J.: 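Questions regarding the structure given below will be posed in turn.
Quick caveat, the model's predicted, so the values are computed rather than measured. One-based numbering, in listed order, for ligands and for the atoms of each.
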Amino acid sequence: MSEEGIYRSRLEPAFPEATRYTSSIKEDSWIFYEDIEATIAHDFMLMKQGYITEDQFKKIVSAIKKLLENKELVQTDTYKYEDVHELIESFVIKEVGIEIGGLVHTARSRNDQVVTAVRLKTRREVFNILREILDLEKTLLKKARETIDVLFPFYTHLQQAQAAPLSHYFLGYFDILMRDFDRIAESLKRINLNPLGSVAIVGTSLKVNRELTTKLLGFHGLLENSFDAVSSRDFILETVSNLNILMLNLSRMMEDLIIWLTSEFGFFTLPDELAFPSSAMPNKKNPCILELARARSGRVFSSLAQLSMVCKGAPSGYVRDLQETKPPLIEAIETVKETLKIVRITVENMRENRERIRSSMEQNIIALDVAERIIEEARVPFRLAHKLVGEMVKRSLKDGRGFKNIKEEELKEVSLQILGRDISPILLNILSKSEETLVSLRTSAGAGCQSNDLKMIREREKMIEDYYSKLNEMIQRDRDAKKFLEGQVARIVEGFSLP
Ligand code: ARG
């Protein structure tokens, strides 16, 4: 039975099986601290509004402090309670009696309470994720700097396509993850809104001050409509959708690296400390971290699927279904945080095998660059240049020569055959250029070549510092709000501090 049963005013005690099935106490440990912070802010507001005296407030806060200092109280007999909200309120009532403890939940419902705590916690976890993204971004930039002089085969259809500095790959993922950062950071303006004071569904006749709790809890605005405030979980859907996109992006990068770590490619090597053995085959060195990072995108996607199922049919207003939005949110956040961290460590520590990369590169990989030179230097229509170089590749492949080694005679023949004129001196000159030179001739904005990549690295090195400062400002605003709440409460309860 719900032993404390503080909510069961009209109901007889519940069967233990019923409480166990409905209780969210396990996942509520995730919002334990935030629920307490919001409770203190709410009760402080009630005191300011004259519903609680200073003396009563002091007693309530000291009971809460006791709970905070004795974490084991939170874990014991957990299934007695429907949730952490019942646990906290019951504890205060037990400590200071119902005359005072019974004031805690004035002008509040668990419906606005739970979503307040979840929004606060999500805001903070988003900060953690944003920091992890930036740390990984920094590593990608460092990698780009280190590999700007490594000519690397870029693939389409998993067939060699064109060569460019390896830095171009790392810079590409830098930009991809920056969009993830922006998407997640941008969602904060919808996450960080205050539902508190909406009570059960349509607000209250009691004189609550929602602006004050907004300030005390560092929300940057009110979630105004009370019915919307308690009903909506789109901020959770949005967060997990964004995390899903992030994980899909990471997963694709993992797939690349796993392929490049095979002995067939051998482009990179993992240090032993980040590789795993086989129980049977003594020769094995497996990239399990990368495989798990790839696979765990599945967890985040299934969190999004779970959430979608919960939200699709839930009638508006609070329904208990909404309790089921917490576990997938927690799962997605934890998975993403851990994955970002280990991917950063892995990228930081893997080494590129320069010789292997170089020797794996097919000569034909430069074919489009050669065709472009022909267009520039002989003003040949693109389609004919394509045919011309295609013919050169075809002939050279027949006897295993690189197409750059085709003799003048044959060039002349091909040129006459395709163009009806002889441009073999121009062709000879183009073919004498090194791959590096041809790559360096790329001029389009964002093209993969050393000069572009260097420019992009420099710009992004500055940019990331701005991003760190912006994030630090956001975190500082959160800390300032907490300090403000602490300061206000400390005026009443001497020496009060939040953990
Ligand atoms: N444990 C619940 C949750 O996580 C709290 C809200 C319960 N509200 C209610 N009316 N039963 O959603």
Side-chain angles (χ1 to χ4, degrees), residues 1-39 42 67 74-75 77-93 104-123 125 191 193-204 217 223 226-237 239-240 303 306-334:
M1 95 172 181
S2 180
E3 193 191 272
E4 312 294 319
I6 58 167
Y7 303 146
R8 303 186 73 81
S9 301
R10 67 157 275 195
L11 297 178
E12 296 302 318
F15 287 163
E17 295 87 344
T19 314
R20 195 182 172 94
Y21 188 75
T22 45
S23 178
S24 60
I25 195 84
K26 226 167 152 190
E27 64 259 27
D28 282 351
S29 63
W30 193 68
I31 49 165
F32 174 69
Y33 171 74
E34 275 69 20
D35 200 47
I36 282 194
E37 191 176 332
T39 297
H42 179 72
L67 185 60
V74 184
Q75 264 109 43
D77 302 318
T78 44
Y79 285 110
K80 280 199 317 206
Y81 304 106
E82 278 193 45
D83 45 39
V84 74
H85 319 300
E86 187 181 16
L87 182 151
I88 294 170
E89 194 186 339
S90 303
F91 183 82
V92 176
I93 290 174
V104 167
H105 205 57
T106 310
R108 191 175 68 167
S109 153
R110 283 182 296 165
N111 300 352
D112 61 344
Q113 181 179 0
V114 65
V115 74
T116 302
V118 173
R119 281 177 182 271
L120 273 178
K121 179 70 175 180
T122 304
R123 170 177 92 202
E125 288 295 355
I191 295 168
L193 297 172
N194 184 17
L196 198 59
S198 302
V199 198
I201 183 159
V202 288
T204 174
L217 295 171
L223 200 60
S226 60
F227 151 74
D228 168 30
V230 297
S231 293
S232 300
R233 294 294 185 275
D234 52 330
F235 74 102
I236 298 182
L237 276 165
T239 301
V240 177
S303 297
Q306 278 182 58
L307 278 170
S308 307
M309 287 304 99
V310 171
C311 294
K312 79 168 273 297
S316 314
Y318 181 85
V319 281
R320 199 63 178 258
D321 306 48
L322 298 182
Q323 180 169 290
E324 285 294 298
T325 59
K326 269 178 287 174
L329 174 64
I330 300 168
E331 167 102 322
I333 286 174
E334 291 307 313

J.: Taking side-chain hydrogen bond (donor to acceptor under 3.5 Å, both in side chains) as the test, write out the residues that go with Asp83, two or more places apart.
T.: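 With neighbours one apart ignored, the set is Arg110.
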
J.: May I ask you to decide whether Arg320 forms a salt bridge with Glu82, counting only side-chain N to carboxylate O separations under 4.0 Å?
T.: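 Result for this pair is yes, salt bridge flagged.
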
J.: Tell me yes or no: between the side chains of Glu37 and Tyr33, is some donor less than 3.5 Å from an acceptor?
T.: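 Present: a donor and an acceptor within the cut-off.
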
J.: Which atoms of ligand 1 have any heavy atom of Asn111 under 4.0 Å away?
T.: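 Reading through ligand 1 atom by atom, the close ones are 8 (N), 9 (C), 10 (N).
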
J.: Which of the numbered atoms in ligand 1 are below 4.0 angstrom from a heavy atom of Lys326?
T.: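 Taking each heavy atom of Lys326 in turn, ligand 1 has 3 (C), 4 (O) under 4.0 Å.
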
J.: Rounded to the nearest 0.5 Å, how far does OG of Ser24 lie from CD of Glu324?
T.: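 So the CD of Glu324 and the OG of Ser24 are separated by 9.0 Å.
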
J.: Does only the side chain of His85 get under 4.0 Å from ligand 1, or the backbone, or both, or neither? Count heavy atoms.
T.: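 Side chain only.
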
J.: Against heavy atoms of Asp83, which atoms of ligand 1 measure under 4.0 Å?
T.: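 Per the distance check, 1 (N), 2 (C), 5 (C).
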
J.: Give a yes or no answer on whether the side chain of Ser232 reaches the backbone of Ala229 with a donor-acceptor pair at less than 3.5 Å.
T.: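 Looks like no, no N/O pair under 3.5 Å.
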
J.: Could you give the side-chain donor-acceptor pairs of residues 309-319 under 3.5 Å, partners two or more places apart or in another chain?
T.:
none

J.: Does any N or O in the side chain of Thr325 come within less than 3.5 Å of the main-chain N or O of Leu322, such that one atom is a donor and the other an acceptor?
T.: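 Yes, Thr325 side chain to Leu322 backbone: donor-acceptor pair under 3.5 Å.
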
J.: Just jot down the ligand 1 atoms closer than 4.0 angstrom to any heavy atom of Arg110, in number order.
T.: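 Once the distances to Arg110 are compared, the set is 6 (C), 7 (C), 8 (N), 9 (C), 11 (N).
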
J.: Got an N/O contact under 3.5 Å between Ser24 and ligand 1?
T.: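 Checking ligand 1 against Ser24, an N or O pair does fall under 3.5 Å apart.
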
J.: If I apply the N/O under 3.5 Å rule, does Asp28 come out as touching ligand 1?
T.: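 In fact, backbone or side chain, Asp28 has no N or O that close.
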
J.: Which residue supplies the protein heavy atom nearest to atom 6 (C) of ligand 1, what is that atom called, and how far is it?
T.: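 The closest heavy atom on the protein side is Tyr318 OH, 3.3 Å.
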
J.: Please round to the nearest 0.5 Å and tell me the distance separating atom CG of Asp228 and atom OG of Ser198.
T.: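 Output value for this atom pair is 8.5 Å.
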
J.: Is any N or O atom of Arg233, backbone or side chain, closer than 3.5 Å to an N or O atom of ligand 1?
T.: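 Among all N and O atoms of Arg233, none is under 3.5 Å from an N or O of ligand 1.
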
J.: With atoms numbered from 1 as shown, which atoms in ligand 1 lie under 4.0 angstrom from a non-hydrogen atom of Arg320?
T.: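 Listed by number with element, the hits are 11 (N).
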
J.: Looking at atom 2 (C) of ligand 1, what's its closest protein heavy atom, distance included?
T.: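 Sorting protein heavy atoms by distance from atom 2 (C) of ligand 1 puts Gln323 OE1, 3.2 Å first.
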
